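The structure under discussion appears below in the form of structure tokens.
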Amino acid sequence: MYQRYIFLGHHWDNGSLLVLTASTGLFQSHITTKTAHTSSQVSDHEQKQKDSPRSLTMSGHVGFESLPDQLVNRSIQQGFCFNILCVGETGIGKSTLIDTLFNTNFEDHESSHFYPHVRLKAQTYELQESNVRLKLTIVNTVGFGDQINKEESYQPIVDYIDAQFEAYLQEELKIKRSLFNYHDSRVHVCLYFISPTGHSLKTLDLLTMKSLDSKVNIIPVIAKADAISKTELQKFKIKLMSELVSNGVQIYQFPTDDETIAKINASMNGHLPFAVVGSMDEVKVGNKMVKARQYPWGVVQVENENHCDFVKLREMLICTNMEDLRDQTHTRHYELYRRRKLEEMGFMDVGPENQPLSLQETYEAKRHEFYGERQRKEEEMKQLFVQRVKEKEAILKEAERELQAKFEHLKRVHQEEKLRLEEKRRLLEEEIMAFSKKKATSEIYQNQTFMTPGSNLRKDKDRKNSNFM
Ligand SMILES: Nc1nc2c(ncn2[C@@H]2O[C@H](COP(=O)(O)OP(=O)(O)O)[C@@H](O)[C@H]2O)c(=O)[nH]1
Ligand SMILES: [Mg+2]
């Protein structure tokens, strides 16, 4: 019988605190009262009395003993949800094992070995056993272990788990939350399928389990355990466990704090990893039809504890620890994700001087910080802009100076050319003038010669012509 105490609430009334506790096994009831005084009024003795609640015997039946029943009824009405993640290579027997575990044909098609990436496929089913409804989600790793480069094979799995946590966190952070009818898709357990090599864990297995162990409850299983002999299996189990321990991989341990199941859970922890065989085929053994795998040399019975650990896994996973797996997911793994995420967003419970901080204060501080940062950025941008403008101005000025120098140079060259041409012109003009003078003189001379007779005239004409040549 469950002995867990369920905390039902506090109630302050006229300075009295009533602490109500109920246990689902041995029923107890007490009312404890606590009287409020101001600290200056109370002595040490009174303070001690004040701190320890007083037990009273009730004089009659009240009825809160039915609270556990109320809880059970409500849970049954609400239904349960459970999400299993199966990680393992294609063809290792994941779908067969899930079918065998829930005694249902989930009709998961055989998947190809040629996918370029690992992807996760989630399928949700509604199951019912007597009056208990279970919304079961099976998440399969499609293409796991099929790529040549397996370095990043675990990343899609990590991303999927985080995405489910994130979805829950977003729902929780909403102003109008509806967690009551929220479809919780957080992964409650990861069945990690190990190949029955008899050797050791593959690097991919270690890497994947290591990256998942803080996010999900891992239960490792040795798949297709009928492929390994009994003595080899024992050695293999020991080897696997020592490898997990030496690599610091935290696998799920069945809880031993509840004394009603502590013994069985402790002994089952010693059987990990479970060596399982899956099959939906029915074979006649004696006069009974049992789930088994039939070989030319004999029959492996799935539910025979001498043949494999299938029953142990089913007992532990479904009958005994399903609620603990759900609880651990919420209180440990999700809590860690939520804490990291809120810290990343800048929220904290205590300030730099260890003083408690409310959400409002953190928000104000963050807003302040954000505005400060924005102003600083604006100032930086302004300064950068001014700097750039100055640089551009300097470049433009330099270009202007160069242009001016070029202009001055051209002007000078032009001036010199002009002077040279003017000088040439002056010389030419002088020459023209000299020529004109000569011409005039020669004309005068010619006229004089015309006036004198004979040969002298021809002689002078010849001389003049030679002068012009
Ligand atoms: N020997 C042996 N074969 C199995 C076992 N479980 C499944 N198989 C076979 O392995 C093949 C692949 O199984 P399946 O469940 O589709 O693998 P999955 O790809 O991981 O889902 C099928 O032919 C199954 O019959 C087992 O426990 N032992
Ligand atoms: Mg499959």
Side-chain angles (χ1 to χ4, degrees), residues 2 75 79-88 92-106 108 122-130 132-141 161 184-194 209 212-213 215-225 237 240-241 244 249-258 260-280 291 302-305 307-333:
Y2 256 87
S75 297
F80 297 85
C81 94
F82 193 61
N83 307 320
I84 305 179
L85 166 68
C86 296
V87 183
I92 204 168
K94 301 184 291 293
S95 307
T96 314
L97 187 78
I98 293 293
D99 284 0
T100 323
L101 271 174
F102 289 92
N103 207 4
T104 306
N105 202 338
F106 291 108
D108 186 16
Q123 278 168 311
T124 303
Y125 308 90
E126 291 264 6
L127 305 178
Q128 183 155 358
E129 192 170 48
S130 50
V132 177
R133 286 179 297 111
L134 180 71
K135 198 184 250 186
L136 177 73
T137 300
I138 297 157
V139 188
N140 232 314
T141 49
I161 296 173
D184 188 0
S185 57
R186 294 172 298 173
V187 179
H188 299 118
V189 66
C190 162
L191 290 180
Y192 196 95
F193 291 71
I194 300 165
M209 280 196 260
L212 296 184
D213 70 353
K215 295 176 182 289
V216 67
N217 302 307
I218 301 175
I219 299 183
V221 294
I222 300 169
K224 299 189 179 179
K237 277 190 177 188
L240 292 181
M241 285 312 283
L244 289 175
V249 178
Q250 284 277 319
I251 59 166
Y252 174 71
Q253 292 289 304
F254 303 116
T256 49
D257 49 355
D258 179 347
T260 54
I261 49 168
K263 209 166 154 206
I264 179 87
N265 274 356
S267 100
M268 287 299 157
N269 280 331
H271 286 283
L272 285 170
F274 293 135
V276 293
V277 173
S279 174
M280 287 297 277
K291 286 210 169 56
V302 170
E303 294 177 76
N304 185 331
E305 290 209 46
H307 292 192
C308 71
D309 299 330
F310 173 81
V311 173
K312 293 189 180 79
L313 173 68
R314 191 177 56 192
E315 282 286 315
M316 288 292 100
L317 179 71
I318 303 174
C319 309
T320 316
N321 297 302
M322 200 186 242
E323 185 48 30
D324 187 70
L325 285 161
R326 284 157 37 91
D327 188 56
Q328 292 283 319
T329 302
H330 185 69
T331 54
R332 222 174 92 211
H333 302 301

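Keep in mind the model is a prediction, meaning the values are calculated, not measured.
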task: Quick one: do L85 and L191 satisfy side chain to side chain contact (heavy atoms under 4.5 Å, CB included)? Show the steps, please.
output: CA-CA 6 Å; L85 166 68; L191 290 180; over 6 Å; no
- line: Quick note, side chain to side chain donor-acceptor pair (under 3.5 Å) partners involving residues 132-141, not counting sequence neighbours, are N83-T137, D108-N140, T124-T137
- prompt: Given side chains that start at C-beta, do those of V189 and I218 come closer than 4.5 Å, heavy atoms only?
  reply: no
message: Can you see whether D213 engages Y252 through a side-chain donor-acceptor pair at a distance of less than 3.5 angstrom?
response: no
- prompt: Considering residues at least two apart in sequence or located in another chain, which fulfil the ring pair (Phe, Tyr, Trp, His ring centres under 6.0 Å) criterion with F80?
  reply: none
- prompt: Crowded around E129 CD? As in, over 12 foreign heavy atoms under 6.0 Å?
  reply: no
query: So, K237 and D309, do they make that salt bridge, N to O below 4.0 Å?
result: yes
- prompt: What is the distance from atom SG of C86 to atom CG of L101, rounded to the nearest 0.5 Å?
  reply: 8.5 Å
- prompt: Just wondering, do T256 and K263 contact through their side chains at under 4.5 Å, heavy atoms?
  reply: no
query: With sequence neighbours left out, what residues match F102 under ring pair (Phe, Tyr, Trp, His ring centres under 6.0 Å)?
result: none
field: Sidechain N-carboxylate O distance under 4.0 Å for E315, K312
entry: no
query: Hey, is the main chain of S130 close enough, under 3.5 Å, to the side chain of Q128 for a donor-acceptor pair?
result: yes
- prompt: What pair of heavy atoms forms the shortest contact from H188 to C81, and how long is it?
  reply: CE1-O, 3.7 Å
field: Rounded distance (nearest 0.5 Å) linking atom SG of C308 with atom CG of L313
entry: 9.5 Å
Audit row: L97, F310, side chain to side chain contact (heavy atoms under 4.5 Å, CB included) steps and yes/no: CA-CA 9 Å; L97 187 78; F310 173 81; 3.9 Å; yes
task: Apply side chain to side chain contact (heavy atoms under 4.5 Å, CB included) to I138 and F106, showing your working.
output: CA-CA 10 Å; I138 297 157; F106 291 108; 3.9 Å; yes
message: If you compare all heavy atoms of N265 against all heavy atoms of P255, which two are closest, and at what distance to 0.1 Å?
response: ND2-O, 2.7 Å
- request: Search all heavy atoms of I318 against all heavy atoms of M322 and return the closest pair with its distance.
  value: O-CB, 3.6 Å
- request: Using the test side chain to side chain contact (heavy atoms under 4.5 Å, CB included), find all partners of K291 that sit at least two apart in sequence or belong to another chain.
  value: T100, N103, M280, E282, V302, E303
message: Measuring from atom CZ of F274 to atom CE of M268, what distance do you get when rounded to the nearest 0.5 angstrom?
response: 6.0 Å
message: For I84 and V139: C-alpha separation, side-chain torsions, deciding distance, then whether side chain to side chain contact (heavy atoms under 4.5 Å, CB included) applies.
response: CA-CA 6 Å; I84 305 179; V139 188; over 6 Å; no
query: Do the side-chain N and O atoms of N217 and H333 include a donor-acceptor pair separated by under 3.5 angstrom?
result: yes
Separation of C319 SG from I261 CD1 (nearest 0.5 Å): 11.5 Å
- prompt: Can you find a pair of side-chain heavy atoms, one from T329 and one from V187, that are under 4.5 Å apart?
  reply: no
statement: Here the gap from L136 atom CG to Y125 atom OH, rounded to the nearest 0.5 Å, amounts to 8.0 Å
message: Just so I know, are the side chains of F193 and I222 near enough to count as touching, which here means a heavy-atom distance under 4.5 Å?
response: no
Residues in side chain to side chain contact (heavy atoms under 4.5 Å, CB included) contact with A225, at least two apart in sequence or another chain: A275, V277
field: Taking every non-hydrogen atom, the tightest pair across K94 and V87
entry: CD-C, 4.2 Å
message: Applying side chain to side chain contact (heavy atoms under 4.5 Å, CB included), can you list everything that pairs with Q253, at least two apart in sequence or on another chain?
response: I251, N269, L272
query: Which value, rounded to the nearest 0.5 Å, describes the distance between L127 atom CG and F82 atom CZ?
result: 12.0 Å
